[in-house]
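Have a look at the structure below before the remarks.
Below, read A as the first sequence line, B as the second, and so on, with proteins coming before strands; counting in each chain starts at 1.
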There are 2 protein chains.
Amino acid sequence: MASGSRSAGRVRLKDVADRAGVSMKTVSNVVHDYEFVSPQMRERVQAAIDELGYRPNLTARRLATGKTSMIALALPVVDQPYYAEIARYIGEEAERRGYRIIVEQTLNGVEAERAVIRDREEGLVDGVIFHPVRIGTLEIARLRPGTPIVLLGESARPLTTDHVMIDNTQAARDGVELLLAENRSRIAFLADVRGDITESTHLRLLGYQEALLTAGIQPDPELVLRSDGFTIEDGVAAIAAAIERGIHFDAVLSRDDTFAMAALRALQAAGRSVPDEVSVLGWDDTVLAHSSTPALSAISPDKFAIATTALDLLEDRMKGYEGTGRHRIAPYTIIERGTTAALQR
Amino acid sequence: MASGSRSAGRVRLKDVADRAGVSMKTVSNVVHDYEFVSPQMRERVQAAIDELGYRPNLTARRLATGKTSMIALALPVVDQPYYAEIARYIGEEAERRGYRIIVEQTLNGVEAERAVIRDREEGLVDGVIFHPVRIGTLEIARLRPGTPIVLLGESARPLTTDHVMIDNTQAARDGVELLLAENRSRIAFLADVRGDITESTHLRLLGYQEALLTAGIQPDPELVLRSDGFTIEDGVAAIAAAIERGIHFDAVLSRDDTFAMAALRALQAAGRSVPDEVSVLGWDDTVLAHSSTPALSAISPDKFAIATTALDLLEDRMKGYEGTGRHRIAPYTIIERGTTAALQR
DNA sequence: ATGAAAGCGCTAACAT
DNA sequence: ATGTTAGCGCTTTCAT
């Protein structure tokens, strides 16, 4: 009847202090490995901690310090391979640096994205890493939160916000050049997706075009395939339609691994062999690339670098850096597996 | 010089109260949509909230209420398709119910798994959903935390802990029966992985064997393929070795989608067509199954059901339910795509 | 080297 | 219907 508050074995700092016959400060000192604590005192307090099974209440600590040691990671969805892999690396690296990750799926919703940068995590996290797809630069700049934030992905760089991405245009150019070096000259781009308001397609298409022009090839608009959506079925339909229309191509540069899978499927259905007749180059180098037959050659963003860079930038901000937006380019490589090869003629 | 604490526009409940000329309680009332607030008062307070841009500090609320509205989700890794998909559904459902998810990757580490059920999240989350792979029933029961917990996956059911899984044995049986119905009689199981200490293989192998016996077929130990690891390369090697040794089989039941991809690759390399010569049935029905060519037939656990059931169980516990461990079986289906077909003879 | 006490911002009795 | 105030458990000056 007296000590009503001790529910479920919850042991508080005060309890340890009482047990050890010292003040809370002293207990706090040993919990934090404060340097100037006499060995015997440390031992005595530690004993009390162990006996009572004391664990600091993190929520209380947070309120007192103002630091949450948590970072929100806002992604469109966590089960799409590219995002899943980004989440994995950010999760691992955050753990290493002493942060926990709260995952937020925006599910391609404009409102959900707005919520992320507006208020969603107020006082909950120290910072947020956000991969927007629906809202643009201006809106992000306008709705700037009090919380440190770093952006991921291809959206154009807001001047006021930190940002990490790979050089999409350069990567597309490199991809096309690789295909060109394999004697491919009719290179299809898969695909310009209807309703895609993101910046990435634009940038990639730019690189695609530049590489072609540089090689003295006039880009053929017919080779920029159209798709009605982002699913594998949409991709299959796009390729199938092109074949149907008699459009000739001997290589395809895909906007992501999923569409590359689509190309593999549609090509096989059409009886065209990969890579003998047509090369296909994926983008993202996800688990899909490793799993397909033949294994997919792909442009491979350095996801580990993306994760560490994002965290570097974010930690700066969390430590008080207030400069204008920084813009980091993460490296990528092109990994050749089984879907690209020199054309024999 | 006077109001030193107002850093970075941080607005507190008290500030709103002062601005509106009311008490904190009244502000709190409107923040929480408390019923008995006069309309004009509500309006006045709301105006102050808007003007000041007030957002409740969630950490403080947590400390006061003792509820964190956060759930830890501890998975081996978040970028393996099956786990990624589970994470997605749990994330979505948790959001719907008003919880946030903290993701914890145990990376197949024993210590990381122990940490999860021991103390890792003390006072940080209201409960944890945990998919163990390294630690067993007994250890879990022994290290039982003060925090509500529900287990996912095939580890044997600890009597004291809630648990959701699919009926692995039955699913394997159904899978084999489907293959049998397609006139396949030499069904390989891919694979018994060396060093795999999890319960799942055991359970699945049991169902595999039962189905065979029921059909009057004596299981051939040679058809239980061995693999040195869990990667696709390991799977390819296992199948290739079997073919090399001249072991005949006309179907393969795979322990997961990754190994099914391996089967597709090894079979193609050996010039054996799928599904004409050999059927392959995957397990998990992940994005890999949708992406391959041919698209993979697979045993498909109802991941949405797993997510909602786990959350149901966990919410019970968080509300104080203290009974013994409950054990829920989630449904599954078998989805036939392009890698299974009746054997023509 | 250790102790006392004032917050951190919010909630929830309890009072009016 | 609205106001007062004592915590929630920890950190952190400021004393000693």
Side-chain angles (χ1 to χ4, degrees), chain A residues 3-46 48-49 52-69 119 121-124 126 146, chain B residues 3-46 48-49 52-69 122-124 126 146:
Chain A
S3 66
S5 73
R6 280 283 284 291
S7 71
R10 211 82 198 75
V11 180
R12 288 144 20 228
L13 183 52
K14 183 78 170 60
D15 299 325
V16 178
D18 291 350
R19 169 60 153 265
V22 299
S23 78
M24 290 173 64
K25 180 60 166 55
T26 301
V27 177
S28 179
N29 281 159
V30 355
V31 167
H32 288 94
D33 276 325
Y34 181 60
E35 197 174 358
F36 306 104
V37 185
S38 65
Q40 62 271 34
M41 180 55 86
R42 184 181 301 280
E43 191 176 343
R44 190 161 115 217
V45 172
Q46 189 59 53
I49 288 177
L52 265 30
Y54 169 72
R55 309 256 153 237
N57 178 315
L58 300 184
T59 301
R61 175 177 294 174
R62 262 153 211 190
L63 183 56
T65 60
K67 317 271 341 148
T68 68
S69 301
D119 52 19
E121 321 298 342
E122 195 82 32
L124 215 194
D126 296 334
Chain B
S3 68
S5 71
R6 278 282 284 291
S7 71
R10 212 80 201 75
V11 180
R12 288 143 17 222
L13 183 52
K14 184 78 171 58
D15 299 325
V16 178
D18 291 350
R19 169 61 154 264
V22 300
S23 78
M24 291 173 63
K25 181 59 166 53
T26 301
V27 178
S28 178
N29 281 158
V30 356
V31 167
H32 288 94
D33 277 325
Y34 181 60
E35 198 174 356
F36 306 105
V37 186
S38 66
Q40 61 271 34
M41 180 56 85
R42 185 181 300 279
E43 191 176 341
R44 189 162 115 217
V45 172
Q46 188 59 53
I49 289 178
L52 266 29
Y54 168 71
R55 310 255 155 237
N57 179 314
L58 300 184
T59 300
R61 177 177 293 173
R62 264 154 211 191
L63 184 56
T65 60
K67 316 278 327 156
T68 68
S69 301
E122 195 81 35
L124 216 194
D126 296 334

At less than 4.0 Å, is any side-chain N or O atom of [X] found next to OP1 or OP2 of [N]? Yes or no.
X     : N      : answer
B/T65 : C/dT11 : no
A/Y54 : D/dC10 : yes
B/S23 : D/dT4  : no
A/S38 : C/dT2  : yes

(request) Report which part of the nucleic acid A/T26 touches: base, sugar-phosphate, or nothing (heavy-atom distance under 4.0 Å, all strands). (result)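 If one applies the 4.0 Å heavy-atom cut-off, A/T26 turns out to touch the sugar-phosphate alone, with no base involved.
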(request) Answer with base, sugar-phosphate or nothing: what part of the nucleic acid does A/M24 contact at a heavy-atom distance below 4.0 Å? (result)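 Counting heavy atoms under 4.0 Å across all strands, the contact made by A/M24 includes a base.
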[X] has an atom [atom1]; how far is it from atom [atom2] of [N], in whole Å?
X     : N      : atom1 : atom2 : answer
B/N57 : D/dG9  : CG    : C1'   : 15 Å
A/L13 : C/dA5  : CG    : P     : 16 Å
B/K14 : C/dT11 : NZ    : C1'   : 16 Å
B/K67 : C/dG9  : NZ    : P     : 24 Å
B/R62 : C/dC8  : CZ    : C1'   : 15 Å
B/D18 : C/dG9  : CG    : P     : 13 Å
B/R55 : C/dC8  : CZ    : P     : 22 Å
A/Y34 : C/dT2  : OH    : P     : 10 Å

(request) Start with the C-alpha gap between A/R62 and B/L124, add the side-chain angles, then the distance that decides, and say whether side-chain contact (heavy atoms from CB on, under 4.5 Å) holds. (result) CA-CA 10 Å; A/R62 262 153 211 190; B/L124 216 194; 3.2 Å; yes
(request) Go through B/V45 and B/N29 one step at a time and tell me if the side-chain contact (heavy atoms from CB on, under 4.5 Å) criterion holds. (result) CA-CA 10 Å; B/V45 172; B/N29 281 158; over 6 Å; no
(request) Nearest 0.5 Å please: distance from the NZ atom of A/K25 over to the CG atom of A/L13. (result)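 Answer for the NZ-CG pair, A/K25 versus A/L13, is 11.0 Å.
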(request) Given salt bridge (charged side-chain N to carboxylate O under 4.0 Å, His left out), test B/R19 with B/D15 step by step and report yes or no. (result) CA-CA 6 Å; B/R19 169 61 154 264; B/D15 299 325; over 6 Å; no
Which nucleotide in [options] has an atom nearest any side-chain atom of [X]:
X     : options               : value
B/R12 : D/dG9, C/dC10, C/dT11 : C/dC10
B/K25 : C/dT2, D/dA1, C/dA13  : C/dA13
B/A60 : C/dA4, D/dG9, C/dC10  : C/dC10
B/N29 : D/dG7, D/dT2, D/dT11  : D/dT2
B/R61 : C/dT11, C/dG7, D/dG3  : C/dT11

(message) Closest-nucleotide mapping onto DNA chain D: is B/V22 or B/L63 further toward the 5' terminus? I mean the 5' end.
(response)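 The residue closer to the strand's 5' end, by nearest nucleotide, is B/V22.
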(message) Strictly below 4.0 Å, N to O, side chains only: are A/D33 and A/R42 in salt-bridge contact?
(response)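 Yes, this pair counts.
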